[in-house]
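One structure is given here, and the rest of the page talks about it.
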Amino acid sequence: MKRDTRTKNLERVRNMGFVAHIDAGKTTVTERVLFYTGKIHRMGEVHDGQATMDWMPQEQERGITITSAVTTCEWKGHEIHIIDTPGHVDFTIEVERSLRVLDGAVVILCGVGGVEAQTETVWQQCRKYNVAALAFVNKLDRPGADFSAAVQQIRQRLEVTPLVIQIPYYEGDVFKGVIDLIGRRLLVWEDTLGASIETLPVPPDAAEETASAREKMVELIAEHDDRVMELYLSGEDPGEETIKEAVRRLTIERLLVPVMCGSALRNKGIQPLIDGIVEYLPSPREAVPAVAHKRDTQELVEIPPDPGGDLVAYVFKVYMDEGRRMVFLRIYSGVLEVGDEVYNSTRRVSEKIARLFSMHAHVKQRIERATAGDIVAAVGLRDSVTGDTLTKPGGDIVLEPIEAQKPVISMAIEPKSSEYTERLQEAMRKIMEEDPTIKIHEDPDTGQVILAGMGELHLEIAIERLRTAFGVEINVGRPQVLYCSTVEGDSRAEKVFEKTFGDTQHHGHVEVTVRPARRGTGNVFKVGDAVEDGLREYVLMGLEEACLADPEYGHEVVDVEVQVDRVCRTDKTTPQGLKIASQMALHEAMRKAKVVRLEPIMELDALSPEDYVGEVVGDLSARKASIEGVVTKGRIHEIKAYVPLSNTFGYSTALRSLTRGRGSFSMRFSGFDKV
């Protein structure tokens, strides 16, 4: 029986997310969007722990977003799927996997802070996944807000071309509204809820600035659009619709980034932003199509967003909801219905859809079917994890998986009593399924359970969830930095392995060369024609196992290039013997090349009032930081530095003490460097 594929109009669907540096106002903007679209009937505030999208107890206590939350709302006949993402660097995997399945994004900037450290990170993620973006400069009601400086930073630090389509309007020092440059009108919000917008002519005191800004906007569009160029050169003013069509095309093609503005906390500028999402961000049909590869041939296949096509869905998140395993999916092609049997082409297993949900933060609404362009949650998928591809039974295409960053910090944990041991094992498995950047393993030497993650807060949240969500009482050790190692020079080594295990004699004879690779490139193994196909995998296994622990410190080995120069094959050669000989040869070559330890280095941005800059810089120098520079932002100074992670423990308390509680900072992982 042929399935009914009648579905929604994909041109009227928007899959988008809000991304930004921590505390730029993402969740506040999301809350206003949901209120004005009628999805919620009361705006909650992040600082009160009442925001709809910050539903986890850990989020409400801290006033920050920890996990990406999905919701759907409607605006002027369009269906908008929204993902509100965290801004804290420890939870960057949540941004990564969200942008992996989105077509568009709104990058939110603080009007005072401008482009901050994590803003650059999320922008690179947008670029990586070809996500079209708008920029929204928020918090323009705050003292020290500077819209022009924020736009300039977008150009310089994000290396994109901003297209200013709105400018803020002030009466004295009071932020009153925004001037729409395309329509040449002033928009003001007089009521406290910001529900009604008053449209006024541009005031005389802003006429000159508006005319100049509009002229620059049209000039910039004309550089990329022939129709606007013709009108501009002939002295005609392009109409509102002509400009909007051009802005839409240029945004979708990622040639320009439209810049809008407002103050979410004061309920100003949000409705025009929702209009911008609908008018300028792409529908699933207009976004860059997803590209998969055939599992066996590696041939690339483009996936058109066709409800009538074969099913292709992508698992971008796993979450344990009251003990039930819930899998979040973006459907790229085809239709998915409750009861369908699907094939996980990544893991080559069949699964069954027991239930489907449309999500509003943690509130579930049961649905019977989902179609291309939808973002939904499914129950019943036992084996699917983040990065897996679901297809029709027998499907052979696989979408690119998500790369999770390596953990940089760890701590030892243990159950408080033996009754929690089994429960801890199960909780560990589930929490690693939820978050690919968390690793939990047992240390083979000490028998301790080691929890590793992206930062102190990341580990703190994981510990709290083990206790509250999974009911495991645990003791916790002090955080430890995870070191790696590499080699300093080039070296060659040759090893012969010969030993009898039981009744079988194993033999292997391998010669390898090791040399350092560029930092951050990972390990490269070059086997070439030195090994025949049947034994190649055993040599590679030996080299990979050798890199799990260096011969000097026992750290994981990174950024080395290994060349297998020679494999002496005799009648006595065995696969196991070759594997062990490869491992021994590489370890010997590493010793000769000199093993060096690498430690995680963090890029740190500290904000300090002018009076305390000297003390902050002095403290960072004492922590062996490399000070890159100090940027003045009004009365606030931004100190940029690179500092070893091991020297950042307790920095939050130290900075508050040095600046009398007025300083703040953010960090992100930069890379590994020599201790």
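None of these values were measured; they are calculated from a predicted model. Note that the numbering runs from 1 along the sequence shown for the chain.
In terms of heavy atoms, K139 sits closest to C110 at CD-SG, 3.9 Å. Residues C73 and I82 share a closest heavy-atom pair of SG-CD1, 3.7 Å.
Exactly one residue among L250, V257, I221 makes a side-chain contact (heavy atoms from CB on, under 4.5 Å) with L163. That residue is I221. The side-chain contact (heavy atoms from CB on, under 4.5 Å) test with V106 singles out one residue from V33, I274, V29, L273, and that residue is L273. Exactly one residue among I179, D180, V178, V151 makes a side-chain contact (heavy atoms from CB on, under 4.5 Å) with I167. That residue is I179.
Remark: the N344 side chain and the S384 side chain contain an N/O donor-acceptor pair separated by less than 3.5 Å. A donor and an acceptor atom, one from each side chain of Q271 and W75, are nowhere located under 3.5 Å apart. A donor-acceptor pair shorter than 3.5 Å can be found between the side chains of T386 and R97. Side-chain contact, T119 with H21: no donor N or O sits under 3.5 Å from an acceptor N or O. In summary, the side chains of E223 and Y232 do not present any donor paired with an acceptor at a separation below 3.5 Å, with no hydrogens or angles considered.
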List the steps and the verdict of side chain to side chain contact (heavy atoms under 4.5 Å, CB included) for Q125 and W123.
CA-CA 5 Å; Q125 290 169 315; W123 179 254; over 6 Å; no

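The side-chain tip of R355 does not point at the ring of F357 from less than 6.0 angstrom away and within 45° of straight on. Annotation: cation-pi geometry satisfied between R100 and Y314 (NZ/CZ under 6.0 angstrom from ring centroid, within 45° of ring axis).
Between atom CD1 of residue I397 and atom CG of residue D310 there is a gap of 8.0 Å, rounded to the nearest 0.5 Å. To the nearest 0.5 Å, atom CG of residue D306 and atom CZ of residue R285 are 6.5 Å apart. Separation of atoms CG (N138) and CZ (F18) is listed at 10.5 Å; rounding is to 0.5 Å.
A salt bridge is absent between K430 and E434; no separation between the charged side-chain nitrogens and carboxylate oxygens falls under 4.0 Å. The existence of a salt bridge linking R157 and E120 is confirmed by a sub-4.0 Å separation between a basic side-chain nitrogen and an acidic carboxylate oxygen.
Side-chain contact between E96 and T121: absent, with no pair of heavy atoms (C-beta onward) separated by less than 4.5 Å.
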